[in-house]
Amino acid sequence: MLTSVTLALAASLSPFFDGVRVEANLGASLSEDSAVAEVLERSLNAFLTEARAGEFTDRCVDPRSATRYGFFFQGLRGLGKGGEFHAPSVMKSYTVDGESYFITVAFAGTREGQPFIRTIVELKGVPVGERFVFTSPFEERTADFSEKKVGSVTFHYRGALDAESARSFSDFKDELCGLCEVPSEDLDYYAFRTLDELLKCYGYVHDARKCNFLAHDLGFADDQGRTYVTGTGNPDYRFGFVGEFLERTVPEPTELYRPFVTGMSTFYGGYGLSGDSMEELKSQFRQKLEDEPKTDFLVEFRKGRKASIQRHFSFYVMSAFLCEEVMGRHGFGEALELAQSGANGERFFSLLDSLLGVNDANFHETIVELIRE
């Protein structure tokens, strides 16, 4: 038990704990037991030092936990790095079982004379031998969720579950596995009602980098694809699933051309942030052409993220239109080939020409044709 650890033993660990040193906010205490508080502080300093450096070791993080909560740990990498940050501040710490501790830490600083708070994160400290290792409080924060298995997907949720949407997603997952010729393995789907709820369950009480004022911005895989998480409140949120699935499925994920992968995601699940359907997106593009007749869709495509229509990046949406056409003419295999046309789209336009006869000369006219009512 850590309660029997002596201060002398804690001090012997000091060479390992050089680096970040936390401060207590207005006298906050890590533990009522001074020996435990000493080990907690040294362990926390070590963990935050590794986080700032962007590299976690099994001295501070259990490897299985690092895999299971990859989203959580990735968000901590580099946190607090730079002269603009103050020392991390412990806001509160408590234990429920007398062994593990839940610790809230704030990362704040000053930029151009103005104070800011970048991140407030809740960590779970777990005793291992004579130290603590740290992880996400996800398990505790989702302990009250209901569960329902639909096919190969187990849905985790608060409130009510839309059974029709859940079945639709499960069937879609099986279909996608069949198209990619891989087994449909069990998946845990956490359908958080909002992005804010998602972030807090992972441990991010506040994070200025994660747009936590939006409700429909995330859908991602965790635990090496065994878990799918979304903050949209939608048990059939396909947009975030497709790209993550392809990245784990195709032989050379580094060859995935992201604009077209996002187009495929949009084709199957609507545009990510808004959820707008293909028909709604086509209507928006028709309106764009009506408002600005001189628009050249090839020029807009090649602008990348510098061109958008109603906050929808144009090249993503046009990729969805092209995906629909390729799927209709040839099928999924050819669309998947386009999705693997090189990280920078090195083979994209040559493949597009061979599959659809679309090239620089007729790209604009093709998009105009594809968005007609």
Side-chain angles (χ1 to χ4, degrees), residues 1-7 9-22 24-25 28-77 79-80 88-107 119-145 156 188 190 198-205 207 222-224 226-227 229:
M1 291 289 292
L2 275 168
T3 52
S4 66
V5 176
T6 65
L7 293 179
L9 176 59
S12 72
L13 298 173
S14 59
F16 176 66
F17 296 114
D18 290 340
V20 174
R21 295 187 181 278
V22 294
N25 180 58
S29 174
L30 284 168
S31 173
E32 294 180 356
D33 185 304
S34 60
V36 173
E38 177 76 10
V39 178
L40 259 177
E41 181 176 354
R42 292 176 179 274
S43 298
L44 183 59
N45 287 340
F47 174 77
L48 296 179
T49 298
E50 293 192 350
R52 186 176 64 180
E55 294 293 336
F56 293 107
T57 70
D58 58 8
R59 193 70 189 269
C60 293
V61 176
D62 178 81
R64 177 67 186 99
S65 177
T67 298
R68 184 175 183 186
Y69 305 120
F71 170 76
F72 174 75
F73 287 102
Q74 186 60 37
L76 295 176
R77 295 182 188 276
L79 189 58
S89 178
V90 174
M91 301 179 71
K92 66 177 179 179
S93 174
Y94 67 93
T95 181
V96 174
D97 58 10
E99 294 188 359
S100 297
Y101 282 76
F102 295 92
I103 305 170
T104 302
V105 182
F107 293 81
T119 302
I120 301 174
V121 63
E122 183 183 34
L123 306 168
K124 179 183 178 183
V126 181
V128 175
E130 308 298 352
R131 68 185 190 279
F132 284 88
V133 297
F134 294 90
T135 187
S136 165
F138 189 91
E139 184 176 354
E140 287 76 15
R141 301 299 168 253
T142 59
D144 63 330
F145 277 38
H156 304 258
D188 284 293
Y190 283 83
L198 182 159
L199 293 173
K200 286 178 179 177
C201 284
Y202 264 98
Y204 288 103
V205 179
D207 196 319
D222 212 344
D223 195 11
Q224 296 184 329
R226 288 181 282 264
T227 299
V229 181

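Values in this document were obtained by computation on a predicted structure and should not be read as measured data.
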Test item: Asn25 side-chain N/O and Ala28 main-chain N/O as donor-acceptor pair under 3.5 Å: no
Tell me if a side-chain donor or acceptor on Ser65 pairs with a main-chain N or O of Thr135 at a distance below 3.5 Å. no
Between Lys200 and Asp207 (salt bridge meaning N to carboxylate O under 4.0 Å), is one present in this structure? no
Do you know the tightest heavy-atom contact between Val133 and Asp58? CG1-O, 4.4 Å
Is the distance from the ring center of Tyr190 to that of Phe138 below 6.0 Å? yes
State whether the side chain of Arg131 and the backbone N or O of Arg59 hold a donor-acceptor pair below 3.5 Å, judged by distance alone. yes
Can you tell me how far the CD1 atom of Ile120 sits from the CG atom of Leu199, to the nearest 0.5 Å? 12.5 Å
What's the spacing between Leu123 CG and Leu44 CG if we round to 0.5 Å? 6.5 Å
Can you see whether Phe102 has Arg141 sitting over its ring - NZ or CZ less than 6.0 Å from the centre and within 45° of the normal? yes
Would you say the rings of Tyr94 and Tyr101 are close, in the sense that their centroids are separated by under 6.0 Å? no
Quick check: do Leu198 and Phe71 have side-chain heavy atoms less than 4.5 Å from each other? yes
Nearest 0.5 Å, please: how far is CD in Glu139 from CZ in Phe145? 13.0 Å
Tyr69 versus Tyr202, closest heavy-atom pair with distance: CD2-CE2, 4.3 Å
Using modelled atom types and a 3.5 Å cut-off, is there a donor and acceptor pairing between side-chain atoms of Asn45 and backbone atoms of Leu48? no
d(Cys60 SG, Glu55 CD) to nearest 0.5 Å is 12.5 Å
What are the two closest heavy atoms between Lys124 and Ser136, and how far apart are they? CB-O, 4.2 Å
Inter-residue atom distance Ser31.OG - Glu41.CD, 0.5 Å rounding: 12.0 Å
Mind listing the closest non-hydrogen atom pair of Tyr204 and Phe72 along with its distance? OH-O, 2.6 Å
Quick check: closest heavy atoms across Ser93 and Ser29, and the distance to 0.1 Å? CB-O, 3.5 Å
Any luck finding a side-chain donor-acceptor pair between Glu50 and Thr57 under 3.5 Å? yes
Polar side-chain atom of Thr67 near backbone of Asp223 as donor-acceptor pair, under 3.5 Å: no
For Pro127 and Ser100, the nearest pair of non-hydrogen atoms, with its separation, is CD-OG, 3.8 Å
Counting N and O atoms only, with roles assigned by atom type, does the side chain of Asp188 sit under 3.5 Å from a partner on the main chain of His156, one being a donor and the other an acceptor? no
Nearest-0.5 Å distance, CZ of residue Phe132 to CG of residue Leu40: 4.0 Å
